[in-house]
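Inspection log for the structure reproduced underneath, given as structure tokens.
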Amino acid sequence: MSTQQQEPETVESPQDPEMKGAESPQQERLKEKRDRAAERPTDESELEGETVHIKVFRYDPEVEAKQEPRFDDFYVPFEKGMTVLDAVMYARDNYDSSLTFRHSCRQAVCGSDAFFVNGRQRLGCKTQISDLEQPVRIEPLPHQEVIKDLVVDMDHFYEQMHAVEPYFKQEDLPAGDLEEQRQSRENREKVKMSTRCIWCASCMSSCNIAAGDNQYLGPAAINKAYRFAMDEREDEEIKEHRLRILEQEHGVWRCQTQFSCTEVCPKDIPLTEHIQELKREAVKKNLKFW
Ligand code: FES
């Protein structure tokens with residue numbers, strides 16, 4: 001089983017002295033998360049020696065007998081610290097080697113094992129089985145085309161991510177070869193959370209707007225644009241270019257602030273807040289004073 005435990009939640013203090021004492025949205029969210037963890041429905045020790053019942057979505061368009069989607073039941077021996085990913089890996093390794101899903105790092109870093117678990121987008125390797133009601137229902141991410149079992153087609157998601165030109169652009173490079181491009185501490189703080197995205201597509205999958213508008217850039221891509229548009233090391237001209245991409249019909253203005261993306265983000269990125277901030281930036285760019 002994985003040695004992956006719940007991520008230690010470290011919250012850095014705000015750097016701005018004026019902010020000290022006040023809780024940032026991020027700190028509030030982490031506090032809520034800790035409170036939720038304290039109210040876990042099941043004590044892990046209650047599950048020791050038991051089996052966990054998981055129901056896993058199955059579908060394989062290439063095998064005639066498996067073209068009709070269904071759920072398979074597996075009973076997995078519980079071990080302390082068991083995650084959803086551990087459970088499906090056990091089922092694959094011991095009961096059905098054709099069970100297909102993506103995973104890699106097992107440490108909530110690569111973003112490849114986002115599933116729809118008990119009706120919510122979650123990372124398999126970051127979700128403790130003991131936190132979930134049984135049977136644990138494991139499905140592929142909604143609103144994405146299923147390739148096989150828990151594997152969805154990520155092409156569209158990656159296209160949207162690349163549409164915002166997610167790389168640093170700078171016209172005026174420092175004069176000396178060894179000179180650094182400095183970023184202030186305050187600016188680093190501002191973009192810090194946006195850099196945590198692991199491209200898992202949980203946010204996109206949870207978004208009603210993205211589900212109904214295939215061209216909507218989506219929360220992850222807009223957050224990626226935020227990461228660069230708010231970086232003080234990029235020129236104003238480049239920032240304007242970024243805002244033009246974001247202002248388009250299927251950009252930031254499609255967001256209806258439902259917060260579903262923010263709710264499911266496994267990295268606690270304040271996605272909706274970033275989208276709102278970019279809306280304000282776009283308005284400011286277009287303001288004219290006579
Ligand atoms: Fe990499 Fe879960 S396996 S995020």
Side-chain angles (χ1 to χ4, degrees), residues 1-10 26 29-30 33 36-37 44 52 54-58 74 76 78-132 136-144 146-158 160-161 166 192-207 218-221 223-224 227 260-271:
M1 293 300 155
S2 164
T3 53
Q4 169 72 16
Q5 301 291 319
Q6 291 288 70
E7 269 189 357
E9 306 288 10
T10 53
Q26 165 67 2
R29 253 191 303 281
L30 290 177
K33 219 163 125 181
R36 277 202 305 274
E44 268 204 334
V52 176
I54 60 173
K55 291 177 91 70
V56 185
F57 179 89
R58 307 300 305 273
F74 298 102
V76 177
F78 177 78
E79 280 192 23
K80 194 167 186 297
M82 178 183 256
T83 64
V84 168
L85 180 62
D86 290 328
V88 287
M89 286 172 75
Y90 187 95
R92 178 197 62 192
D93 296 344
N94 293 277
Y95 304 135
D96 183 349
S97 59
S98 72
L99 177 56
T100 307
F101 49 92
R102 293 191 181 105
H103 69 94
S104 179
C105 68
R106 301 175 73 182
Q107 297 185 69
V109 172
C110 73
S112 59
D113 65 335
F115 306 134
F116 195 59
V117 182
N118 280 5
R120 182 190 168 102
Q121 288 80 358
R122 306 173 203 251
L123 283 185
C125 63
K126 199 185 172 196
T127 307
Q128 297 285 305
I129 280 283
S130 57
D131 283 349
L132 303 168
V136 180
R137 197 177 161 100
I138 306 166
E139 300 168 73
L141 288 180
H143 307 136
Q144 324 279 92
V146 178
I147 296 173
K148 186 183 174 190
D149 296 341
L150 301 175
V151 176
V152 295
D153 186 349
M154 296 285 282
D155 284 355
H156 177 62
F157 175 77
Y158 294 144
Q160 302 303 73
M161 293 297 273
K192 182 177 76 178
M193 292 305 293
S194 63
T195 64
R196 298 184 66 180
C197 178
I198 54 172
W199 298 45
C200 69
S202 292
C203 56
M204 187 83 148
S205 162
S206 75
C207 175
N223 173 70
K224 185 55 80 176
R227 184 261 167 276
S260 51
C261 54
T262 306
E263 282 286 311
V264 301
C265 176
K267 295 305 210 180
D268 295 312
I269 303 171
L271 294 159

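Each ligand, and each atom within it, is numbered from 1 in the order the structure gives.
- Taking a heavy-atom cut-off of under 4.0 Å, ligand 1 is surrounded by Ser104, Cys105, Arg106, Ala108, Val109, Cys110, Gly111, Asp113, Cys125.
- Between Cys203 and the choices Cys197, Ser260, Cys265, Cys261, the side-chain contact (heavy atoms from CB on, under 4.5 Å) rule is met once, by Cys261.
- Between Asp113 and Lys126, none of the side-chain N atoms (NZ, or NE/NH1/NH2) sits under 4.0 Å from a carboxylate O, so this pair counts as no salt bridge.
- The side-chain hydrogen bond (donor to acceptor under 3.5 Å, both in side chains) with Ser205 is formed by just one residue from the set Gln144, His143, Gln121; it is Gln121.
- In this structure, Val152 and Pro140 approach most closely via the heavy-atom pair CG1-CB, 3.6 Å.
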- Message: Go through it in stages, so that I can follow the logic: the residues are Arg58 and Ser98, the test is side chain to side chain donor-acceptor pair (under 3.5 Å), and I'd like the CA-CA distance, side-chain angles, deciding distance and then a yes or no.
- Response: CA-CA 10 Å; Arg58 307 300 305 273; Ser98 72; 3.1 Å; yes

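- Residues meeting the salt bridge (Lys or Arg N to Asp or Glu O under 4.0 Å) test with Asp153, sequence neighbours left out: none.
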